[in-house]
Amino acid sequence: MTYDPMTSFPSTVDAHTLGPPAGDEPADPARVAGRTVAQAVAHGELRLLYQPIVRVADRAVVAVEALVRWQHPTLGLISPDRFLPAAEHGGHLPLLDRWVLHRACRDMVELDASLGDAVPAHVNVNLSAPTLATDFTELVTTALRRTGLAARRLRLELSEGADLQTLVHARPCLEKLIERGIGVALDDMGAGATDLRYLSRLAVQGIKIDKEFVAGMLHNPRDHAIVRMLTELARSLGLHVTAEGVETGDQLTALGRLGVPYAQGYHLALPLALPALTATLLAA
């Protein structure tokens with residue numbers, strides 16, 4: 001999952017800096033500085049950024065991943081690591097997933113109108129474990145129907161927070177969506193214990209190699225071996241594979257040598273608001 005922290009957000013801010021709510025009562029873990037994610041959705045405070053996913057061979061943008069931010073009324077623009085735990089504790093992750101999915105589909109339709117043939121082929125949207133535990137077929141199909149986005153343009157990334165039982169429960173819904181042309185990929189491959197077993201149980205189309213292995217592959221032979229193994233495994237299964245968290249040119253070069261076809265990360269492109277993404281793709 002590329003719910004990445006923003007480098008512009010002060011690293012010194014923590015729960016103690018935010019302080020307790022008025023009245024010196026204990027902080028509610030479902031709130032961020034006195035406000036819930038449900039309130040953020042209701043008041044239109046959420047924002048989407050898009051990080052390009054590029055083809056390693058020629059740096060062409062083939063997809064974008066939707067990344068959510070919260071324009072908090074007192075904290076300013078904050079990254080998901082600041083509010084996802086509160087959203088999970090408050091039971092608001094399905095609501096957040098719904099908002100992101102609808103907005104991402106709508107934005108892709110807008111990109112189509114602006115870019116024509118230059119538009120990325122896919123938009124990747126993360127689904128959290130609580131959403132995967134529900135009957136989410138209607139959620140996805142409704143978003144496509146209301147926005148007019150073609151099913152083949154949407155790729156769902158399955159949360160690394162989902163255990164094998166949750167993923168097995170989600171299998172019927174995922175298979176229905178795959179039959180309709182929607183793509184499914186396993187996020188943060190290698191970070192969890194369930195990934196390899198799930199590859200044998202569902203016809204996913206792709207995997208994303210966890211950024212920790214990419215970060216260590218140049219100096220840790222074990223990380224390098226894991227990236228190579230996952231790449232070869234994906235190739236043998238006919239899956240597309242994307243390396244996450246590419247932050248240096250040397251990492252990108254090493255990934256190219258291993259035959260990793262797609263990559264994303266700050267070295268390639270920062271997460272961009274829709275207007276900035278449009279301008280970047282038009283200038284390419």
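Of all heavy-atom pairs between Thr147 and Cys105, the closest is OG1-CB, 3.4 Å. Nearest approach of Gly34 to Arg31, heavy atoms of both residues: O-NH1, 3.0 Å. In this structure, Gly256 and Val56 approach most closely via the heavy-atom pair CA-CG1, 4.0 Å. Of all the heavy atoms in Ala243 and Val214, the pair that sits closest is CB-CG2, 3.9 Å. Leu132 approaches Ala170 most closely through the heavy-atom pair O-CB, 3.5 Å. Shown here for Leu144 and Ala150, the closest heavy-atom pair between the two residues is CD2-O, 4.2 Å.
Screening residues 39-60 for salt bridge (Lys or Arg N to Asp or Glu O under 4.0 Å) gives Arg35-Glu45, Arg55-Asp58 as the qualifying pairs, with residues at least two apart or on separate chains. Residue pairs meeting the salt bridge (Lys or Arg N to Asp or Glu O under 4.0 Å) criterion with at least one partner in residues 130-140, sequence neighbours excluded, are Glu138-Arg145. Applying the side chain to side chain donor-acceptor pair (under 3.5 Å) test to every pair with at least one member in residues 231-242, sequence neighbours left out, gives no pairs at all. Sequence neighbours left out, not one pair with a member in residues 251-261 passes side chain to side chain donor-acceptor pair (under 3.5 Å). Listed by first then second residue, pairs satisfying salt bridge (Lys or Arg N to Asp or Glu O under 4.0 Å) with a partner in residues 105-128 read Arg103-Asp107, Asp112-Arg153, not counting sequence neighbours. Sorted by first and then second residue, the ring-ring contact (aromatic ring centres under 6.0 Å, His included) pairs with a member in residues 58-93 read Trp70-His72, Trp70-Phe83; sequence neighbours excluded.
Expressed to the nearest 0.5 Å, how far CG of Leu252 lies from CG of Asp250 amounts to 9.5 Å. To the nearest 0.5 Å, atoms CD1 (Ile207) and CG (Leu233) are separated by 6.0 Å. Between Leu277 atom CG and Leu272 atom CG the span is 6.0 Å, to the nearest 0.5 Å. Annotation: the span from Thr248 atom OG1 to His267 atom NE2 amounts to 7.0 Å, rounded to 0.5 Å. Separation of atoms CZ (Phe136) and NZ (Lys176) is listed at 10.0 Å; rounding is to 0.5 Å.
When side chains are defined from C-beta on, Leu174 counts as touching Leu158, because their heavy atoms get closer than 4.5 Å. Residues His102 and Thr142 form a side-chain contact, since some pair of their non-hydrogen atoms from C-beta on lies under 4.5 Å apart. Between Pro80 and Val68, the closest side-chain pair of non-hydrogen atoms falls below 4.5 Å. Under the 4.5 Å side-chain criterion, counting only non-hydrogen atoms from C-beta, Pro120 is in contact with Leu281. Between Leu93 and Val37, every side-chain heavy-atom pair lies at or beyond the 4.5 Å cut-off. Counting heavy atoms from C-beta outward, Val227 and Ile209 have side chains that approach closer than 4.5 Å. Within the 4.5 Å cutoff, no side-chain heavy atoms of Asn124 are placed close to those of Leu156. With contacts defined as side-chain heavy-atom distances shorter than 4.5 Å, the pair Ser128/Leu96 does not qualify.
By the ring-ring contact (aromatic ring centres under 6.0 Å, His included) test, Tyr50 is found to be paired with no residue, residues two or more places apart in sequence or in another chain being considered. With sequence neighbours excluded, the residues that form a side-chain contact (heavy atoms from CB on, under 4.5 Å) with Ala254 are Met217, Leu218. For His224, there are no ring-ring contact (aromatic ring centres under 6.0 Å, His included) partners, not counting sequence neighbours. Legend: residues meeting side chain to side chain donor-acceptor pair (under 3.5 Å) with Arg98, ordered by chain and number and at least two apart, are absent. Partners of His122 by side chain to side chain donor-acceptor pair (under 3.5 Å), not counting sequence neighbours, listed by chain and number: Arg155. Qualifying side chain to side chain donor-acceptor pair (under 3.5 Å) partners for Arg171, counting only residues two or more places apart in sequence or in other chains: Glu175.
A donor-acceptor pair shorter than 3.5 Å can be found between the side chains of Asp81 and Ser79. A donor-acceptor pair shorter than 3.5 Å can be found between the side chains of Gln51 and Gln264.
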message: Checking Val125 against Val100 for the side-chain contact (heavy atoms from CB on, under 4.5 Å) test, could you report, in this order, the C-alpha distance in whole Å, the side-chain angles of both residues, the deciding distance, and whether it holds?
response: CA-CA 7 Å; Val125 176; Val100 171; 4.0 Å; yes
task: Take Leu67 and Arg69 through the test side-chain contact (heavy atoms from CB on, under 4.5 Å) and record every step on the way to the result.
output: CA-CA 7 Å; Leu67 305 171; Arg69 303 287 190 258; 4.0 Å; yes
query: After noting the C-alpha distance and the side-chain angles of Val241 and Leu230, does the key distance pass the side-chain contact (heavy atoms from CB on, under 4.5 Å) rule?
result: CA-CA 8 Å; Val241 56; Leu230 291 175; 5.7 Å; no
field: Evaluation steps, side-chain contact (heavy atoms from CB on, under 4.5 Å), between Ile182 and Arg152
entry: CA-CA 5 Å; Ile182 296 163; Arg152 59 181 173 77; over 6 Å; no
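Hydrophobic clustering (ILVMFWY, side-chain heavy atoms < 4.5 Å, transitive): Ile53 and Leu149 are in distinct clusters. A continuous path of ILVMFWY side-chain contacts below 4.5 Å connects Leu154 to Leu239, so both sit in one hydrophobic cluster. Hydrophobic clustering (ILVMFWY, side-chain heavy atoms < 4.5 Å, transitive): Leu268 and Leu282 are in one cluster. Transitive grouping of hydrophobic side chains (ILVMFWY, heavy atoms separated by less than 4.5 Å) brings Met108 and Leu48 into a common cluster. Two different hydrophobic clusters hold Val62 and Leu270 under the rule that ILVMFWY side chains link at heavy-atom gaps under 4.5 Å.
Under a 3.5 Å cut-off, the side chain of Thr131 and the backbone N or O of Leu127 do not form any donor-acceptor pair. The closest donor-acceptor contact from the side chain of Gln205 to the backbone of Val184 lies under 3.5 Å.
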